[in-house]
Chemist: 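Got a structure for you, written out below as structure tokens; questions coming shortly.
Just so we're on the same page: letters track the sequence lines, and every chain starts at 1. Hydrogens, waters and symmetry mates are skipped; everything else that's a heavy atom, side chains included, is used.
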Amino acid sequence: MSTLQFEIQLLAAVVAAACALPGVFLVLRKTALMSDAISHSILLGIVLAFFVTGDLSSPWLVLAAAATGILTVVLAESINRTGLVREDASIGLVFPALFSLGVILISRYAGDVHLDTDAVLLGELAFAPFDRYELFGVDLGPRSLAVMSGILILNLGFIIAFYKELKIATFDPGLAAALGFSPLIINYALMSVVSVTAVGAFDAVGSILVVALMVTPAATAYLLTDRLSVMIWLSVGFGVTAAISGYWMAHWLDASIAGSMAVMCGVIFGLVFLIAPQQGLITIARRRLRQRTEFAEAMLTIHLSHHEGRPEEKEESALATLYVHMHWDESFTSRIARRAEENQLVVTEENQLILTDKGRRLAEATMAL
Amino acid sequence: MSEMDKNNPDKNIPAVEVEDMTVAYREKPVLWDVDLVVPSGVLMAIVGPNGAGKTTLLKATLGLIKPAAGKVLIYGRPYPEQRQLVAYVPQRGTVDWDFPTTALDVVMMGRYGHLGWISRLSKNDRTIAFEALEKVGMEKFADRQINQLSGGQQQRIFLARALVQDAQIYFMDEPFQGVDATTERAIIDLLRDLRSSGKTIIVVHHDLQSVPEYFDWVTLLNVRKIAGGPVDEVFTEKNLRAAYGGRVGFLGLTLTENNSVKKD
């Protein structure tokens with residue numbers, strides 16, 4: 001593996017981790033789409049700051065972009081507060097307006113600089129290592145790696161320092177406010193962090209994939225745990241895994257790195273969605289099947305106990321005609337009867353099902369529910 | 001004010017005073033010029049029909065919504081200075097019970113107010129939270145994810161969270177809503193314990209039948225304050241009719257029955 005490859009993967013991993021951290025809170029606050037809005041509208045801030053400074057690598061670009069991110073949140077929330085437009089619609093009103101303003105400004109006045117729409121949407125990780133960061137003539141690695149590492153440390157610091165505040169303001173904003181932790185301030189702080197992260201990640205992976213990196217790892221982690229702290233670390237883990245595996249997938253397919261990273265985010269989510277131990281599709285399907293069989297067994301014991309010692313017993317408990325009385329499928333009936341025998345709920349004598357004591361107790365217990 | 005005074009406010013001053021509270025949503029008043037004086041050490045119900053502004057009154061008192069007019073004093077001082085004296089139990093339905101956290105964790109949130117920004121929970125906070133869980137009979141569920149709890153159990157968790165706030169005044173929004181009879185009994189016992197130790201409890205309540213049994217003080221609300229005072233004096237058919245309008249028909253009967261039971 002060359003230094004170049006290593007640097008690209010390291011950058012991808014740092015971007016993914018930095019995005020996953022605030023992403024957890026966006027997902028839990030049910031404002032995942034806010035990351036979409038912010039990552040688009042920051043373009044306007046970048047363009048405007050570029051016009052003023054004339055320098056694409058000026059730190060003012062980051063600040064201006066972050067300010068536009070906050071502006072998006074403020075505008076969307078003030079439209080929502082009028083009560084005339086719902087929350088999702090107000091987000092949808094604001095960010096396309098700001099984003100398209102940015103696009104128009106680029107195409108009208110900045111057509112000749114490296115600020116084209118492709119780079120905005122998808123970014124280009126592969127070129128990132130060519131823009132080096134030098135201090136006193138010493139090469140300190142790719143510029144975007146330095147920037148993203150700074151953002152990762154910022155995000156980590158933010159979440160560690162304000163873990164308790166973020167938690168209470170997300171879970172119960174009313175109590176947070178009553179205790180003096182203004183949910184408004186915490187919300188804007190989080191949105192600032194999302195904006196700054198989006199600006200940094202934007203350069204590397206573009207505005208669309210920022211969303212994938214913020215939302216998908218957190219949504220995946222949410223399926224696996226019921227502890228907030230575990231969810232945060234799992235999100236980071238999934239983000240980094242998607243970044244590295246996405247890089248190799250791109251390498252192998254000779255395709256876009258950012259695109260492959262997003263695909264891997266989706267693949268990991270899909271896998272977890274299928275096999276998660278508590279909430280995965282497979283577990284749920286198995287649980288349903290088991291419940292259905294157990295319930296059928298209980299129904300069988302109840303049926304037998306109803307007719308026990310009565311004249312019709314022979315007819316009602318005959319193995320061959322049981323399915324008619326239960327109104328069940330024939331093969332399902334024999335499967336349930338076999339299982340009931342295995343579980344010692346019934347015994348078979350001359351093709352008749354006879355309840356055992358255990359079976360009788362199950363029937364009683366089920367009917368007592 | 002020293003730390004000592006803060007924890008032992010002068011019980012001769014009313015616990016809560018609300019003056020001229022008006023709250024409006026887009027020019028439509030939901031609370032009109034409400035004055036309220038809650039003496040220290042009472043167990044008070046706020047009752048009134050749907051849309052009477054009961055929850056709004058609670059929220060405006062706690063500064064969670066901005067009133068159009070009005071002033072709130074907690075033991076003689078503005079609320080922001082007295083936050084530590086107040087515990088708040090919101091309606092159960094206002095939070096996301098799928099949030100990835102445990103029962104004990106939710107109870108510990110009640111300690112956050114004592115910690116202030118950034119500081120972390122200590123071992124002591126954890127012990128206090130666990131003891132509160134024991135008080136509401138939920139210690140076995142400490143590590144349980146909160147969406148695996150029944151409605152009544154969730155309400156007990158909320159109550160435990162209010163207990164660890166170690167406050168003087170407890171504001172509770174419909175704590176009996178959707179809980180089973182056992183939990184209702186457990187909650188009311190706990191509220192009485194709090195009152196006996198000198199706390200003031202203010203409860204938004206729905207069930208008129210149980211007012212005389214559970215509470216010693218009551219405020220009847222319907223956008224305006226209809227009446228307020230000791231249950232014996234103000235929980236009368238006349239006041240209830242004024243608060244509930246024509247809808248009180250069937251309530252009137254059970255009420256006179258209740259009142260006569262009380263007089264025996």
Chemist: Please look at B:V89 and chain A and tell me whether the side chain, the backbone, both or neither of the residue comes under 4.5 angstrom of a heavy atom of that chain.
Modeler: neither

Chemist: Let's test your reading of the structure: which of B:R161, B:K59, B:Q165 forms the most heavy-atom pairs below 4.5 Å with chain A?
Modeler: B:R161

Chemist: Got a sec, which residues hit salt bridge (Lys or Arg N to Asp or Glu O under 4.0 Å) with B:E174, two or more places apart in sequence or on another chain?
Modeler: none

Chemist: Can you say whether the rings of A:F162 and A:F158 are parallel (under 30°), tilted (30 to 60°) or perpendicular (over 60°)?
Modeler: tilted

Chemist: Just to be sure I understand the criterion: a residue of residues 168-185 of chain A counts if one of its heavy atoms is under 4.5 Å from a heavy atom of chain B. Which ones qualify?
Modeler: A:I168, A:T170, A:F171, A:D172, A:G174, A:L175, A:A177, A:A178, A:L179, A:G180, A:F181, A:S182

Chemist: Ring-plane angle category for B:F158 and B:W97, please: parallel below 30°, perpendicular beyond 60°, tilted otherwise.
Modeler: tilted

Chemist: Is it true that B:D193 and B:K199 make a salt bridge, defined as a side-chain N closer than 4.0 Å to a carboxylate O?
Modeler: no

Chemist: Check whether more than 12 heavy atoms from other residues, nucleotides or ligands sit under 6.0 Å from atom CZ of A:R287, and answer yes or no.
Modeler: yes

Chemist: So for A:K30, is it side chain, backbone, both, or neither that comes closer than 4.5 Å to the heavy atoms of chain B?
Modeler: side chain

Chemist: Please look at B:D98 and chain A and tell me whether the side chain, the backbone, both or neither of the residue comes under 4.5 angstrom of a heavy atom of that chain.
Modeler: both

Chemist: Main chain of B:V179, side chain of B:T183: is a donor-acceptor contact present, judged purely on distance under 3.5 Å?
Modeler: no

Chemist: Is it the backbone or the side chain of B:I146 that comes under 4.5 Å from a heavy atom of chain A, or both, or neither?
Modeler: side chain

Chemist: So for B:Y79, is it side chain, backbone, both, or neither that comes closer than 4.5 Å to the heavy atoms of chain A?
Modeler: side chain

Chemist: Show the numbers, then the answer: is there a side chain to side chain contact (heavy atoms under 4.5 Å, CB included) between A:Y222 and A:L28?
Modeler: CA-CA 9 Å; A:Y222 186 63; A:L28 289 176; 3.8 Å; yes

Chemist: Could you tell me whether the side chain of A:S35 and the main chain of A:A32 form a donor-acceptor pair under 3.5 Å?
Modeler: yes

Chemist: Which one of B:L62, B:T94, B:T101, B:V86 has the most heavy-atom pairs closer than 4.5 Å to chain A?
Modeler: B:T101

Chemist: Taking the six-membered ring of B:F141 as reference, does the NZ or CZ atom of B:R144 fall below 6.0 Å from its centre and within a 45° cone about the axis?
Modeler: no

Chemist: Just by distance, do the side chain of B:Q153 and the backbone of B:S150 share a donor-acceptor pair under 3.5 Å?
Modeler: yes

Chemist: Taking side chain as everything from C-beta outward and backbone as N, CA, C, O, which of these in A:I186 sits under 4.5 Å from a heavy atom of chain B? Side chain, backbone, both or neither.
Modeler: side chain

Chemist: Quick one: what part of B:L64 sits under 4.5 Å from any heavy atom of chain A, side chain, backbone, both or neither?
Modeler: side chain

